[in-house]
Amino acid sequence: MKIHKKILTHYLSCTSPVDKEGYLYKMKERTATYHRRWFVLKGNVLFYQERPADRHLLGVVVLEGCAVRRCEADGGAGPPCCFSLVSRAPGLRAYRFAAEDRLTQEGWVRALLSASHRYLALLVGDLGRQYEEAKREQARVEDGSSAASGSADGGNQHQYHQNPHQHQHQHHQYQQQSVVRPRPGSLLTVEAAKPDVREERSFSAGHEAQGTPTFPARAAHKKPPKHWARRNAHVTPLNGPAPPYGEWPSVGLDPLESFAKVHEHYGEEVLRVREAWLRRRKKQQEEEEEEEVEEHGDKDLMDFM
Amino acid sequence: MRFNEKELVSLSRQPSERAAEMGMKGPKKGDVVKKRLVKLVVNFLFYFRTDEEEPIGALLLEQCRVERESSHVFSIAFLDEAEKRYIFECDTEDQCGQWIDSIIKASYEFMRKNLIFYRTEIHRLTGKDPLEQYGISDETRFQVSSGLQLMPKDTSSM
């Protein structure tokens, strides 16, 4: 089978983010000797060459369907600080590496563990749903607060009566949120794609609020999505049994099949969300013409660092 | 250049996002349209001779530009060489649109940008970093600065 080398070298040399790079020792199968190579991890592809500045790419390893193993698991055989990439499919080779020290080894193991496309797809799907949920919650809170303030002047008796009911109704409107939580062990292998589906109440404690918005004032500019309906299919009683979350693939299905469904499902959402976000961003940029876009973004995200 | 061919071939056999027979033409002068089974798996486009087990080749769908050439035809250009395109002829207009969509969304970089967007937004809306629960908040690949150009300057994958 032919792999189009130019496309790979182009990907390597372009401006997309490098996820990790550095020297590692790679074992040569035939001679069982270790050779120092410069590795660059981008996305789900691991590139290697002799030196960083080299034009000549020695090889690539596509990181799908393989697990990362620390060599301690093999009973201490091989050099210290070594690890390997083992393919899930039987009979396929393992790539053996050794790092200079523990820190380097750990860094690479972690980076390779989260490198697969499938893993990223599951994450994006999960976060996509959390995002939709967060937006719905915000809209709900906003609606609640505006309803409460609307009756403050006590003009319309009928209206005033309705509001407490609305609030109470809101307390019971907990959205069941299925969160994909990979099992603790599963995060440690690249091949893991069987998420445990656990149903959780979303934002339970914080949102029994009496309509006081807990979100920054800036968020108030956002309008609730037009399709949001107070009564929707996902509403369940507070103490009722968790209904099967129809959209999420259940445990036990072929993880690859699940991924395909998840990917397809959120692909559409992602595109819509992204378009809306791009529009808002553009508007924001027009408003903040003096301010550097990146700087602005960084200020908001100090907590990450 | 070495690559893990067996693993890639194994990957090509796995359930795919999208697979169909279509007319495919290479980017070089003199390339003609040939009937191929085209299969999209993760961010690779594999193409087979119909009824063959092993793909002829694999195209990595990163840093590429997908465009609609006509109602039934789309193209993929790599390497910023807009003139050199792979041409794909679909059966229907719908199919053509679906393929374009799928290929764009298959790119790892596209997904990374979305992840960072969601992470940022969820944090803004809830005050929480959604990646903390997975213990991966510090991974370079998920950092906001990684996916810079939130207003994508390189629209090559769009």
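Order of the sequence lines sets the chain letters (A, B, ...), proteins ahead of strands, with each chain counted from 1.
- Few gaps surround CZ on A/R93; more than 12 heavy atoms of other groups in view lie less than 6.0 Å from it.
- A distance of 7.5 Å separates CG of B/N4 from SG of A/C66, quoted to the nearest 0.5 Å.
- Counted within 6.0 Å of CD on B/E53, heavy atoms from surrounding residues, nucleotides or ligands total 12 or fewer; the atom is thus considered open.
- The contact between B/L60 and chain A is made by backbone and side chain atoms together, counting heavy-atom distances below 4.5 Å.
- Summarising the geometry of B/R119 relative to A/L127, their closest heavy-atom pair is N-CD2, 4.1 Å, with the distance given to 0.1 Å.
- Nearest heavy-atom pair, A/G43 versus B/R112, reported as atom, atom and distance to 0.1 Å: N-NH2, 4.0 Å.
- With a 4.5 Å cut-off on non-hydrogen atoms, A/L46 does not touch chain B at all.
- Note that NZ of A/K6 is 5.5 Å distant from NZ of B/K84, once rounded to the nearest 0.5 Å.
- The closest side-chain heavy-atom distance from A/Y48 to B/M1 is not below 4.5 Å.
- Ranked by heavy-atom pairs under 4.5 Å with chain A, the list B/V9, B/L8, B/N43 is led by B/N43.
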* To do: Check the pair B/Q14, A/R118 against side-chain hydrogen bond (donor to acceptor under 3.5 Å, both in side chains), reporting the backbone distance first and the verdict last.
  => CA-CA 12 Å; B/Q14 282 166 29; A/R118 292 213 161 92; 3.3 Å; yes
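- Here the CG atom belonging to B/L125 is positioned 5.0 Å from the CD atom belonging to A/Q138, to the nearest 0.5 angstrom.
- B/Y47 touches chain A through its side chain: at least one heavy atom from C-beta onward sits under 4.5 Å away, while N, CA, C and O do not.
- Annotation: the span from A/R110 atom CZ to B/D138 atom CG amounts to 6.5 Å, rounded to 0.5 Å.
- A/P17 places a side-chain heavy atom less than 4.5 Å from the side chain of B/E109.
- The side-chain heavy atoms of B/F3 and A/V61, taken from C-beta on, include no pair separated by under 4.5 Å.
- Remark: the backbone N or O of B/S107 is not paired with any side-chain donor or acceptor of A/H117 at under 3.5 angstrom.
- Between the CZ atom in B/F78 and the CG atom in A/L8 there is a gap of 10.0 Å [rounded to 0.5 Å].
- When all heavy atoms of B/Q63 and A/S16 are compared, the pair lying nearest together is NE2-CB, 3.7 Å.
- Residue B/T126 holds its OG1 atom at 14.0 Å from NZ of A/K135, rounded to the nearest 0.5 Å.
- Under the 3.5 Å distance criterion, the side-chain polar atoms of B/E54 are matched with a main-chain donor or acceptor of A/M1.
- Listed here is the closest heavy atom pair of A/D19 and B/T140: O-OG1, 3.5 Å.
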* **Step-by-step side-chain hydrogen bond (donor to acceptor under 3.5 Å, both in side chains) determination, A/D126 to B/Y134** => CA-CA 11 Å; A/D126 184 35; B/Y134 300 130; 2.3 Å; yes
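- Classification of the A/Y131-B/Y118 ring pair by plane angle, with boundaries at 30° and 60°, yields tilted.
- For A/L123, the parts lying near chain B are the backbone and the side chain together; criterion is any non-hydrogen pair under 4.5 Å.
- A/A111 and B/R141 get closest at one heavy-atom pair: O-NH2, 3.0 Å.
- Summarising the geometry of A/Y119 relative to B/F142, their closest heavy-atom pair is CE2-CZ, 4.2 Å, with the distance given to 0.1 Å.
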